[in-house]
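One structure is given here, and the rest of the page talks about it.
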Amino acid sequence: MKTNITFKNTTIECTCNALTPILYREIFKKDFFEQLLSFTKVKSYDKIVENKNNPEAAKTIDPEDAAEIMRRSQVISEIAFIYSKQTEITDVERLMNLGKIDYYSWLSGFENGTFSDSSALSKIIELWQSNTTQTTESKNV
Amino acid sequence: MKPKDRAFTTPLLLLRAKQLGLSVAELNLLSFGFLMDLLTEQGNDSFEYPNKATQEDIDSFF
């Protein structure tokens with residue numbers, strides 16, 4: 001699956017496939033599926049992010065919620081990094097060896113807060129979901 | 001669908017892919033959905049399909 005995703009004003013060419021979770025695990029030492037599932041635990045994520053951008057409302061944000069925004073923004077940017085590199089680099093060995101240094105230098109090219117935009121999460125998940133379409137039914141149900 | 005208590009993780013994904021005989025490089029050519037379809041079909045291999053009646057069965061019935 002290949003598409004362009006715009007985060008704030010920056011458009012990134014993105015690709016994801018069956019290798020994406022393995023690359024994510026290899027480069028960031030975290031489980032891709034666990035990270036995606038964790039996004040469903042806090043229902044008011046969009047509201048929290050919107051409030052963060054409103055100086056008055058931001059004062060009322062719980063410190064735990066603020067920490068959650070930081071964590072989520074990081075995961076979104078990590079997944080966007082993998083998506084982006086899968087488009088740029090087709091050599092699997094090179095992909096597997098992308099280190100954290102590459103990630104931080106890639107991240108420095110973006111405006112601060114790019115990946116905490118409230119629409120960033122849905123764009124990341126939409127691309128992953130478009131990659132999960134199944135056509136075969138199990139006979140063992 | 002039966003409830004499952006085993007979480008799907010990345011190591012489990014790679015294990016299943018290797019059981020299918022796929023290399024890491026080959027995973028770069030497949031969508032995740034296609035890989036899951038392959039696993040479903042692998043599971044279907046062990047399904048006991050009901051026997052279809054042959055012409056001989058029908059003839060002996062009448």
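Note: R25(A) CZ to L14(B) CG = 10.0 Å, rounded to the nearest 0.5 Å. To the nearest 0.5 Å, atoms CG (L39(B)) and OG (S138(A)) are separated by 11.0 Å. Rounding to the nearest 0.5 angstrom, the gap separating the CZ atom in F32(A) from the OG1 atom in T9(B) is 13.0 Å. If you take OG on S31(B) and CG on L19(A), they are separated by 12.5 Å, rounding to the nearest 0.5 Å.
Counting non-hydrogen atoms of neighbouring residues, nucleotides and ligands closer than 6.0 angstrom, the CZ atom of R71(A) exceeds 12 such neighbours. Heavy-atom contacts from other residues, nucleotides or ligands closer than 6.0 Å to CG of N51(B) number 12 or fewer. The neighbour count for N4(A) CG, taken as heavy atoms of other residues, nucleotides or ligands under 6.0 Å away, is above 12. Atom CG of N9(A) is surrounded by 12 or fewer heavy atoms from other residues, nucleotides or ligands within 6.0 Å. Other residues, nucleotides and ligands place more than 12 heavy atoms under 6.0 Å from the CD1 atom of I58(B). Under a cut-off of 6.0 angstrom, the local environment of CD in E48(B) is sparse, with at most 12 non-hydrogen atoms contributed by other residues, nucleotides or ligands.
Of all non-hydrogen atoms in E41(B) and T136(A), the two that sit nearest each other are OE2-CG2, 3.0 Å. Of all heavy-atom pairs spanning N140(A) and S46(B), the tightest one is ND2-OG, 4.3 Å. When all heavy atoms of L30(B) and N17(A) are compared, the closest pair comes out as O-CB, 3.1 Å. The minimum heavy-atom distance between K139(A) and F47(B), with the atom names listed, is O-CE1, 3.1 Å. Residues T90(A) and N28(B) come closest through the heavy atom pair O-ND2, 3.6 Å.
Heavy-atom pairs under 4.5 Å with chain B peak, among D31(A), T135(A), T132(A), L23(A), at D31(A). In terms of non-hydrogen atom pairs under 4.5 Å with chain A, the most contact-rich of P11(B), G33(B), G43(B), A25(B) is G33(B). Residue with the most contacts toward chain A among T40(B), L27(B), T10(B): T10(B) (heavy-atom pairs, distance under 4.5 Å). Among the candidates L35(B), L38(B), L29(B), V24(B), the residue making the largest number of heavy-atom pairs closer than 4.5 Å to chain A is V24(B).
Residues F34(B) and T133(A) are not in side-chain contact: their nearest non-hydrogen atoms beyond the backbone lie 4.5 Å or more apart.
In this structure, the portion of E137(A) lying under 4.5 Å from any heavy atom of chain B is its backbone and not its side chain. Heavy atoms closer than 4.5 Å to chain B are found in both the backbone and the side chain of Q134(A). In this structure, chain A has a heavy atom under 4.5 Å from the side chain of Y49(B), while its backbone stays farther away.
Note on ring orientation: taking the six-membered ring where Trp is involved, the planes of W128(A) and F32(B) are tilted (angle from 30° to 60°).
Under the 4.5 Å side-chain heavy-atom criterion for grouping Ile, Leu, Val, Met, Phe, Trp and Tyr, W106(A) is connected to Y104(A) within one hydrophobic cluster.
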